[in-house]
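All remarks here apply to the structure that follows.
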Amino acid sequence: LRTDPKDPATRKREEARDDRVVVDADPRFTRLWLVDAASGAWRCLTAGDREIRSFCWKPDGSGLLAVATALPGWDEIFAGSDLWDVPAAGGLPRRLASFALLASSPAVAEGPDGPLALVVIDGGIEDPPARIRALPLAGGEPQVLLPDWDAEVESVQPMPGRPTTV
């Protein structure tokens, strides 16, 4: 993850010690970058007005799942989020789902009908505990994975040595 650089006007104000700031007037987004280990070349995988909040690699290495909000800043976590399938080879990301609140801890697991994208998300007033939502990577509606689970879920992590098992 890397935050967009400061624009020349911001750098000039900082050098002049002009510390007047309009909060959130000039958003700088955090983006996903890929570094080629052999050459050291950097390539941005995400663009546009999206703040990357969390991500995970797909087990096959073909890309990443990324949770994004429309703007940076802490207030945005209450304004909804999207789950994106981002190809590592380049190309346009594909939106898998939209959520009313901030999703977190994306992971990929093998389901009975193919790979599933998993995220942890608070259901808001209707379903207060943070729960795991699952949806097919091929597309579909997110479903609560363990609807009768009464505890909070903090995160979803792959098991060591078994990347498609969480």
Side-chain angles (χ1 to χ4, degrees), residues 1-109 115-125 128 130-135 137 139 142 152-158 160 163 166:
L1 290 174
R2 182 177 174 194
T3 303
D4 288 342
K6 295 176 182 174
D7 62 46
T10 300
R11 284 196 299 267
K12 185 176 180 181
R13 271 196 322 274
E14 287 176 353
E15 289 170 5
R17 298 190 184 270
D18 179 359
D19 60 359
R20 293 174 290 159
V21 175
V22 177
V23 175
D24 294 336
D26 185 23
R28 293 175 37 225
F29 293 94
T30 302
R31 304 186 189 284
L32 283 170
W33 288 75
L34 184 65
V35 180
D36 184 297
S39 69
W42 292 64
R43 184 167 48 90
C44 186
L45 296 177
T46 56
D49 292 346
R50 282 189 216 95
E51 172 74 2
I52 303 300
R53 299 292 180 153
S54 57
F55 68 94
C56 75
W57 277 99
K58 290 179 169 180
D60 65 3
S62 65
L64 303 108
L65 296 184
V67 174
T69 57
L71 290 169
W74 288 108
D75 290 342
E76 290 302 311
I77 67 174
F78 303 106
S81 63
D82 296 316
L83 179 65
W84 294 86
D85 184 354
V86 182
L92 294 175
R94 179 174 59 100
R95 186 187 328 232
L96 296 175
S98 293
F99 301 100
L101 295 172
L102 181 65
S104 66
S105 189
V108 178
L116 297 171
L118 307 174
V119 292
V120 175
I121 187 165
D122 184 326
I125 293 172
R131 299 187 188 275
I132 301 171
R133 303 310 201 263
L135 64 144
L137 274 180
E152 288 277 322
V153 175
E154 190 67 29
S155 68
V156 178
Q157 301 295 321
V166 294

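Values in this document were obtained by computation on a predicted structure and should not be read as measured data. Residues: numbered from 1 along the sequence shown.
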Run the side-chain contact (heavy atoms from CB on, under 4.5 Å) check on Leu34 and Leu64 step by step: do they pass?
-> CA-CA 11 Å; Leu34 184 65; Leu64 303 108; 6.0 Å; no
Is a side-chain donor or acceptor of Arg28 paired with a backbone partner of Pro72 at a separation under 3.5 angstrom?
->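 No; judged by distance alone, with no hydrogens or angles, the pair does not exist.
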Taking the side chain as every heavy atom from C-beta outward, state whether Glu154 and Ser105 have any pair of such atoms under 4.5 Å apart.
->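 Glu154 does not reach Ser105 side chain to side chain.
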Is there side-chain contact between Ile132 and Val166, with heavy atoms separated by less than 4.5 Å?
->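 In short, these two side chains do not touch, never coming nearer than 4.5 Å.
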Qualifying residue for side-chain hydrogen bond (donor to acceptor under 3.5 Å, both in side chains) with Thr69, from Glu51, Arg50, Arg53 |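 Of all the options given, the one that passes is Arg53.
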If you look at every heavy atom in [X] and [Y], which pair is closest and at what distance?
X	Y	value
Pro142	Leu135	CA-CB, 3.9 Å
Gly40	Trp42	O-CD1, 3.2 Å
Trp57	Ala88	CZ3-CB, 4.0 Å
Ile121	Leu101	CD1-O, 3.4 Å
Ala68	Ile52	CB-CD1, 4.1 Å
Pro106	Leu65	CG-O, 4.1 Å

Just grab all the salt bridge (Lys or Arg N to Asp or Glu O under 4.0 Å) pairs involving residues 76-97, residues at least two apart or on different chains.
->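 Residue pairs with at least one partner in residues 76-97: Lys58-Asp85, Asp82-Arg95, Asp85-Arg94.
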Which residues share a side chain to side chain contact (heavy atoms under 4.5 Å, CB included) with [X], sequence neighbours left out:
X	result
Arg31	Asp4, Phe29, Trp33, Cys44, Thr46
Pro87	none
Glu15	none

What distance do Trp84 atom CH2 and Leu32 atom CG have between them, rounded to the nearest 0.5 Å?
->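 Here the rounded value is 12.5 Å.
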Would you give the length of the straight line joining atom CG of Leu83 to atom OG of Ser54, rounded to the nearest 0.5 angstrom?
->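 Reported to 0.5 Å precision, the distance equals 8.5 Å.
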Has Leu71 got more than 12 heavy atoms of other residues, nucleotides or ligands less than 6.0 Å from its CG?
->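 Enclosed.
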State which residues pass side chain to side chain donor-acceptor pair (under 3.5 Å) with Asp60; sequence neighbours excluded, sorted by chain then number.
->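 Asp60: side chain to side chain donor-acceptor pair (under 3.5 Å) contacts with Ser62.
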Listed by chain and number, what are the salt bridge (charged side-chain N to carboxylate O under 4.0 Å, His left out) partners of Lys12, not counting sequence neighbours?
->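 None.
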